[in-house]
Amino acid sequence: MSTYSPSEIEAKWQAAWSEADVFKAVRSIAKPKYYVLEMFPYPSGRIHMGHVRNYTMGDVIARYKIATGHNVLHPMGWDAFGMPAENAAMASGGHPKDWTYQNIADMKAQMQPLGLSIDWSREFATCDPEYYGQQQALFIDFLAKGLIYRKKAVVNWDPIDMTVLANEQVIDGKGWRSGAEVERRELVQWFFKISDYSEELLTAIDSLDNWPAKVKLMQSNWIGKSRGLQFSFGLVDGPAGHDRVEVYTTRPDTLMGASFVGISPDHPLAKELERTNPALAAFCDECRKGGTTAAEVEKADKKGYDTGLTVRHPFDTSWELPVYIANFILMDYGTGAIFGCPAHDPRDFEFATKYGLPIIATFLPDADANPELTEAFVPLKSEKVTYVKGFAGAPDQTGEDAVDAAVDFCEANGVGHGVTKFRLRDWGLSRQRYWGCPIPIVHCDDCGAVPEAKENLPIELPYDVTFDVPGNPLDRHPTWRNCACPSCGKPAMRETDTMDTFVDSSWYYARFTSPHAATPTDLDDAAYWMNVDQYIGGIEHAILHLLYSRFFARAMNMTGHLPDSAVEPFNALFTQGMVTHAIYQSTGANGRPVYYYPEAVALRDDKAFLISDGSEVEIVPSAKMSKSKNNVVDPDDILAKFGADTARWFVLSDSPPERDVEWTASGAEATFKHISRVHRIATEVAAMGGAPGQGDDELLRAMHKAIEDVTSGVESFGFNAAIAKLYGFTATLAKSKAGGAAKREAMCVLAQLMSPMTPHLSEEIWTMLGGQGLVVNAPWPVADPKMLILDTVTMPIQINGKRRSEIAVAADMPKDEVEKLVLGLDIVVAALNGAAPKKLIVVPGRIVNIVI
RNA sequence: GGCCGUGUGGUGGAAUGGUAGACACGAGGGAUUCAAAAUCCCUUGCUUUAACGGGCGUGCCGGUUCGAGUCCGGCCACGGCUACCA
């Protein structure tokens with residue numbers, strides 16, 4: 001009898017799949033199509049358990065859909081541009097391109113042994129010129145349709161590295177790499193006009209039925225629609241050109257509670273005043289330097305600077321309000337100016353208290369409430385309140401009604417107009433970096449910024465660059481920069497900025513439908529394969545990547561690259577949890593934690609001891625895998641030790657897929673034992689004759705129940721539940737005294753039900769038992785409804801809601817007969833003690849409850 | 001601060017309003033073995049009882065219901081996202 005040897009059988013069956021080319025996706029009207037996609041990885045060089053879990057989930061879906069008669073597209077690629085490649089080049093002197101392609105080769109080599117059902121013929125990396133050249137074509141088409149424009153924008157500039165930094169690369173106001181004080185610089189940059197689609201992207205969220213509610217909510221909040229009033233205060237004796245201050249408010253109903261006007265330090269009026277007032281300029285400078293981290297904002301005091309100017313209240317021109325420059329007002333939201341209503345805004349309250357400004361309540365909880373407030377009164381807008389300084393609508397009304405009434409009143413009286421604002425801002429795509437998709441623009445002295453001619457695409461990144469000098473190497477590469485103007489032919493210069501890497505990932509799903517087309521997409525292929533039926537990835541992409549992709553699909557539709565049916569590209573989204581692992585740590589001599597590798601630790605009685613000296617160390621459970629904490633489990637090691645089927649099964653078995661799963665060595669070993677056991681049972685079954693045995697029918701009934709349970713588990717992403725049922729069915733099969741024929745049938749079905757999770761083992765068993773062809777091509781088993789009906793059922797008997805007994809009855813026994821039977825039970829007779837039951841509830845096939 | 005989510009054995013976790021704790025880990029006991037490995041079997045929420053059995057039990061308090069882990073209201077704790085968004 002052969003023993004289970006994953007290394008042999010996994011290589012064998014991967015070769016067989018490859019030989020039969022079973023995962024190649026070909027358009028066909030013979031079957032319904034199904035497109036399953038996992039978020040493609042950044043080629044860091046090593047895969048981790050999180051990847052294994054992500055791709056296994058996608059693979060289970062893909063293999064299940066193949067078995068249920070679908071034409072499946074399951075591609076894989078690489079999100080290959082980005083800063084780590086440049087950082088590596090700077091650190092070790094290599095080239096980003098070489099580094100990236102080497103990493104891709106390494107990661108692919110690690111992924112192949114997992115036995116994923118991927119159509120590798122569609123593989124691409126976003127740093128392939130064939131891909132980013134098409135992205136440049138998209139850029140040119142978007143530009144022509146007005147979906148891209150240029151404007152000045154403030155960036156974080158690192159003066160030592162001579163580069164722009166993302167917000168998260170600025171730590172305490174200093175560059176994360178150089179440590180230099182970061183400057184705010186205005187650069188002319190390219191923007192996608194995603195704000196054109198704010199309303200559309202928001203309302204379409206409702207149609208995303210198979211997206212997690214959480215992700216939809218996060219996107220709604222991010223788009224941030226608000227309804228309010230925009231109006232202006234007349235400025236008294238303002239500097240030349242400044243006679244009004246425009247403000248935006250979502251609470252125009254509190255206009256009579258105004259006590260000051262606040263403007264951002266970046267507001268044009270503030271900038272004007274800075275020119276003549278050094279103290280004021282110093283204050284604004286101070287505000288701009290203020291940290292942007294959450295903790296700093298939390299701590300930061302409300303600070304203001306009295307400009308000495310005043311404005312007139314729109315309802316009463318004799319009522320003047322002071323104008324402050326305040327550190328808490330943002331220039332890029334609304335108009336960069338507010339009116340302060342301390343009674344109904346906690347920030348304004350803090351500010352007014354500090355600077356001795358009046359606090360005027362405009363509404364109160366009820367007519368008798370004390371108008372002297374000790375803190376801002378901010379009820380829900382849906383709550384009814386009593387207006388003591390209202391000017392529109394009923395005296396008692398909800399905030400919502402009052403806002404509507406106030407907007408109507410103001411519009412009727414020529415004080416501003418109602419406006420809808422969105423928090424979502426246009427997407428700046430310029431990056432002053434080498435390792436990204438070049439922006440296909442040429443700057444010509446005569447013609448200005450001109451798009452490159454499409455026949456000149458791709459504009460390839462030059463290879464001969466170095467990173468020993470700070471700054472973008474494209475800037476100092478004359479032969480690459482210098483070119484002819486595509487419009488007039490005169491000497492001109494290329495744009496040296498490259499695109500944000502989020503652009504690369506915003507349309508790769510569409511490119512997979514025709515990865516080698518000479519245009520960004522092939523419309524016939526896109527129409528056939530789109531949308532992605534099931535998208536799987538991490539929750540960390542809930543906002544940016546998914547929102548950008550939704551925008552891109554619309555923009556591609558507008559420019560003729562995607563059909564109307566594909567504007568919402570992902571029909572269903574699933575966000576999976578992480579793989580975690582315990583940390584083993586002790587406290588070092590300096591008081592800092594010291595971390596130990598799992599291999600250095602022995603576990604006994606839920607305690608951990610160092611193998612080296614036997615001393616006990618602390619166990620911190622369920623921590624995100626992190627190299628610095630020494631709690632990373634390398635998939636290579638696991639595959640070498642147990643094989644892919646064990647790894648795949650384990651990452652799905654212990655937790656629901658949307659939640660984190662804890663990797664434990666004991667759990668992985670137990671999985672391996674189980675898989676080995678299934679293999680052993682199969683070899684035993686294969687050796688049996690075909691004679692009937694005891695309980696053939698029972699085994700087959702259990703088999704049909706397993707088909708039903710596992711199928712519904714896989715359909716609903718309940719992989720852990722499906723696996724639990726497979727454990728149960730395996731135990732039933734192992735214990736069964738059924739004959740060879742029934743066992744063989746049950747074993748074949750078990751192999752099929754396991755095949756999405758353990759495809760190699762399933763092929764092995766399938767062949768061992770004489771199955772036809774490959775199990776990957778075998779149709780998914782269907783449960784026979786007749787075999788699911790039970791003859792007898794066990795019903796619990798409750799007395800006053802507490803379980804006291806149970807009876808076994810025929811499944812189709814009428815209700816009144818069940819009642820009779822129950823009332824005759826000793827325990828019931830004793831409980832009733834001669835009295836009649838107050839109530840008798842019989843739920844057929846479920847439960848009986850007697851109320852006494 | 002805002003929004004969202006989650007609280008069930010020693011652990012990960014199951015339970016269309018209908019027997020709470022499936023399945024797995026861990027732990028304990030046994031069989032097999034010269035011995036071990038491997039394998040197989042049994043026990044395992046807490047508590048009380050010699051036993052049969054009983055009591056308690058899904059973060060806390062209350063409500064709806066014949067019946068609540070599940071539904072409703074109010075608290076507490078933890079986690080996530082977002083943030084001076086006017």
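Lettering of chains follows the sequences in order, A, B, ..., and the numbering in each one begins at 1.
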Donor on one side chain, acceptor on other, Tyr333(A) and Ser226(A), under 3.5 Å | yes

Under 4.0 Å, heavy atoms only, any strand: does [X] hit a base, just the sugar-phosphate, or nothing?
{"X": "Leu840(A)", "answer": "nothing"}
{"X": "Thr664(A)", "answer": "nothing"}
{"X": "Lys225(A)", "answer": "nothing"}
{"X": "Leu217(A)", "answer": "sugar-phosphate"}
{"X": "Ser666(A)", "answer": "sugar-phosphate"}
{"X": "Pro656(A)", "answer": "sugar-phosphate"}
{"X": "Arg425(A)", "answer": "base"}
{"X": "Lys673(A)", "answer": "sugar-phosphate"}

Using Watson-Crick or G-U wobble geometry with both distances below 3.5 Å, tell me the partner of [N], or none.
{"N": "rG5(B)", "value": "rC78(B)"}
{"N": "rA68(B)", "value": "none"}
{"N": "rA27(B)", "value": "rU43(B)"}
{"N": "rG17(B)", "value": "none"}
{"N": "rA86(B)", "value": "none"}

Residue pairs, two or more places apart or on separate chains, that pass side-chain hydrogen bond (donor to acceptor under 3.5 Å, both in side chains) and touch residues 712-723 of chain A = Tyr64(A)-Glu715(A)

Within this structure, what is the [atom1]-to-[atom2] distance between [X] and [N], rounded to whole angstrom?
{"X": "Leu330(A)", "N": "rA86(B)", "atom1": "CG", "atom2": "P", "value": "10 Å"}
{"X": "Ile675(A)", "N": "rC23(B)", "atom1": "CD1", "atom2": "P", "value": "18 Å"}
{"X": "Asp348(A)", "N": "rC85(B)", "atom1": "CG", "atom2": "C1'", "value": "13 Å"}
{"X": "Glu669(A)", "N": "rA38(B)", "atom1": "CD", "atom2": "C1'", "value": "13 Å"}
{"X": "Phe672(A)", "N": "rA38(B)", "atom1": "CZ", "atom2": "P", "value": "12 Å"}
{"X": "Asp654(A)", "N": "rA22(B)", "atom1": "CG", "atom2": "P", "value": "14 Å"}
{"X": "Met49(A)", "N": "rG12(B)", "atom1": "CE", "atom2": "P", "value": "21 Å"}
{"X": "Arg659(A)", "N": "rG5(B)", "atom1": "CZ", "atom2": "P", "value": "14 Å"}

Is there any protein nitrogen or oxygen under 3.5 Å from a nitrogen or oxygen in nucleotides 16-19 of chain B, and what are the pairs?
unit_1, atom_1, unit_2, atom_2, d
rU16(B), O4, Arg846(A), NE, 2.8
rU16(B), O4, Arg846(A), NH2, 2.7
rU19(B), O2, Arg803(A), NE, 2.8
rU19(B), O2, Arg803(A), NH2, 3.4

Under 3.5 Å donor-acceptor pair, Lys302(A) side-chain atoms to rC84(B) base atoms | yes

State the [atom1]-[atom2] distance between [X] and [Y], to the nearest 0.5 angstrom.
{"X": "Arg680(A)", "Y": "Thr3(A)", "atom1": "CZ", "atom2": "OG1", "value": "10.5 Å"}
{"X": "Tyr727(A)", "Y": "His674(A)", "atom1": "OH", "atom2": "NE2", "value": "5.5 Å"}
{"X": "Asp253(A)", "Y": "Lys381(A)", "atom1": "CG", "atom2": "NZ", "value": "8.0 Å"}

Taking the six-membered ring for Trp, is the centroid-to-centroid distance between [X] and [Y] below 6.0 Å?
{"X": "Phe363(A)", "Y": "His344(A)", "value": "yes"}
{"X": "Tyr305(A)", "Y": "Tyr324(A)", "value": "no"}
{"X": "Phe642(A)", "Y": "Phe650(A)", "value": "no"}
{"X": "Phe422(A)", "Y": "Trp222(A)", "value": "no"}

Pairwise 5' ranking along RNA chain B for Lys802(A) and Arg347(A), keeping only the more 5' one = Lys802(A)

Lys839(A) vs Lys725(A), nearer the 5' end of RNA chain B by closest nucleotide = Lys725(A)

What interatomic distance, in whole Å, is found between C1' of rA77(B) and the corresponding atom of rC25(B)?
-> 27 Å

Sticking with atom P, work out how far rG62(B) lies from rG54(B), rounded to a whole angstrom.
-> 26 Å

Within less than 4.0 Å of OP1 or OP2 of [N], is there a side-chain N or O belonging to [X]?
{"X": "Arg677(A)", "N": "rC40(B)", "result": "yes"}
{"X": "Asn720(A)", "N": "rA14(B)", "result": "yes"}
{"X": "Tyr727(A)", "N": "rA24(B)", "result": "no"}

Side chains of Leu652(A) and Ile723(A): closer than 4.5 Å at any heavy-atom pair?
-> yes

Side chains of Pro342(A) and Leu357(A): does their closest heavy-atom pair fall under 4.5 Å?
-> no

Take Tyr248(A) and Phe231(A) through the test ring-ring contact (aromatic ring centres under 6.0 Å, His included) and record every step on the way to the result.
-> CA-CA 7 Å; Tyr248(A) 171 70; Phe231(A) 68 101; 9.8 Å; no

Between the protein and nucleotides 44-46 of chain B, list the N/O to N/O atom pairs that are separated by less than 3.5 angstrom.
none

Please work out whether rG79(B) sits syn or anti, treating a glycosidic angle within 90° of 0 as syn.
-> anti

